[in-house]
Amino acid sequence: MSDNSLKRVSVIDSHTGGEPTRVVIDGGPDLGNGPLGERRELFSREFDSFRSAVVNEPRGSDAVVGALLCESYDETCAAGVIFFNNVGCINMCVHGTIGLVVTLAHMQRIAAGEHRIETPVGIVTATLHASGGVTVANVPSYRGQTGVEVEVDGYGRIVGDVAWGGNWFFLVENHGQELELKNVERLTDCTWRIRQALERDGIVGNDGMEIDHIELFSPSPREDCDSRNFVLCPGKAYDRSPCGTGTSAKLACLYADGKLTEGETWQQESIVGSVFEGRVQIVGDEIIPHVTGSAFVNSEATLLLDSRDPFEMGIRG
Ligand code: PYC
């Protein structure tokens, strides 16, 4: 068999609280060295099949978040990254940043300490602790709209807040659902219909972007946790982790409601039982969420893209 038909892509896989991250460390497309936002546009426009090849079946799954490791534009940063999933690019990803930092440490590219990471929506600061845990000081987060009502097919009137945590979220407290792993199908149906209702009614984030993450909350049965969530991601997969950008959006809402003070901790449990610890730092009039979690590297691999393979670029829905 000739090797000429094979393209090799080196990846390192990890999971953060159960949610997978696949970091592309070599073999990705050349996007130049412009600002990360511009490189993300180019990646979306010209290399969408590469995105699909890396994260979609048969090599990946709907839950995998890809992270294209890039040289940063800002010289003070340790790395740049473009995150993507089963349907496209995502703005920011905290579980993915935690996975990236643990991956860079695994590659011996960074040691414990503070590292600036450049993303298409801004620079975040990640601290790799000696314990192996990672704290991400995320992009400034805020609540954009409070008490937004939508009529959801099959579920009735649902009220939620719209908040930015690096992605746009619709956060719902009162939904009548039991947040248990055994109910994933129903929770997926409910959150997907909420998203459709938002789209139907033209409800968008404050900058006009689509609200593509839906987040349900309930009390946690665990004494050491403040809340449990279920987060539906843009490609209809649910987040196995507590979703760091979603936790950031939640922290911004709690702070706005006077339910969380600066520095006070919030333990956010995911639907699979993993936990992120959150707190806010106030800088001027900005809310900076800090989210702490841990990740484990579980594979070093070379993906082979065979031009003779009808599914070389993955199965695209
Ligand atoms: O942790 O921010 C996050 C995230 C976004 C989508 C999946 N995980």
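Counting from 1, the numbers follow the sequence of the chain as shown. Both counts, for ligands and for their atoms, begin at 1 and track the order of listing.
- A salt bridge does not link Arg186 to Asp189: none of the charged nitrogens lies less than 4.0 Å from a carboxylate oxygen.
- Ring orientation note: the planes of His213 and Phe169 are tilted relative to one another, at an angle of 30° to 60°.
- Both Phe83 and Ile211 sit in one connected hydrophobic cluster of ILVMFWY residues. Membership requires side-chain heavy atoms under 4.5 Å apart, directly or through other members.
- A salt bridge links Lys182 with Glu178; the closest basic N to acidic carboxylate O contact falls under 4.0 Å.
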Can you produce the list of protein nitrogen or oxygen atoms under 3.5 Å from a nitrogen or oxygen of ligand 1, alongside each distance?
unit_1   : atom_1 : unit_2 : atom_2 : d
ligand 1 : 1 (O)  : His95  : N      : 2.8
ligand 1 : 1 (O)  : Gly244 : N      : 2.8
ligand 1 : 2 (O)  : Val94  : N      : 2.9
ligand 1 : 2 (O)  : Gly244 : N      : 3.4
ligand 1 : 2 (O)  : Thr245 : N      : 2.9
ligand 1 : 2 (O)  : Thr245 : OG1    : 2.8
ligand 1 : 8 (N)  : His95  : ND1    : 2.9
ligand 1 : 8 (N)  : Asp239 : OD2    : 2.8

When the side chains of residues 74-81 are checked against the rest of the protein, which donor-acceptor pairs come out under 3.5 Å, sequence neighbours left out?
unit_1 : atom_1 : unit_2 : atom_2 : d
Asp74  : OD1    : Thr76  : N      : 2.7
Asp74  : OD1    : Thr76  : OG1    : 2.5
Thr76  : OG1    : Arg116 : NE     : 2.9
Thr76  : OG1    : Arg116 : NH2    : 3.2

Steps toward side-chain hydrogen bond (donor to acceptor under 3.5 Å, both in side chains) verdict (His15, Thr21): CA-CA 6 Å; His15 78 89; Thr21 305; over 6 Å; no
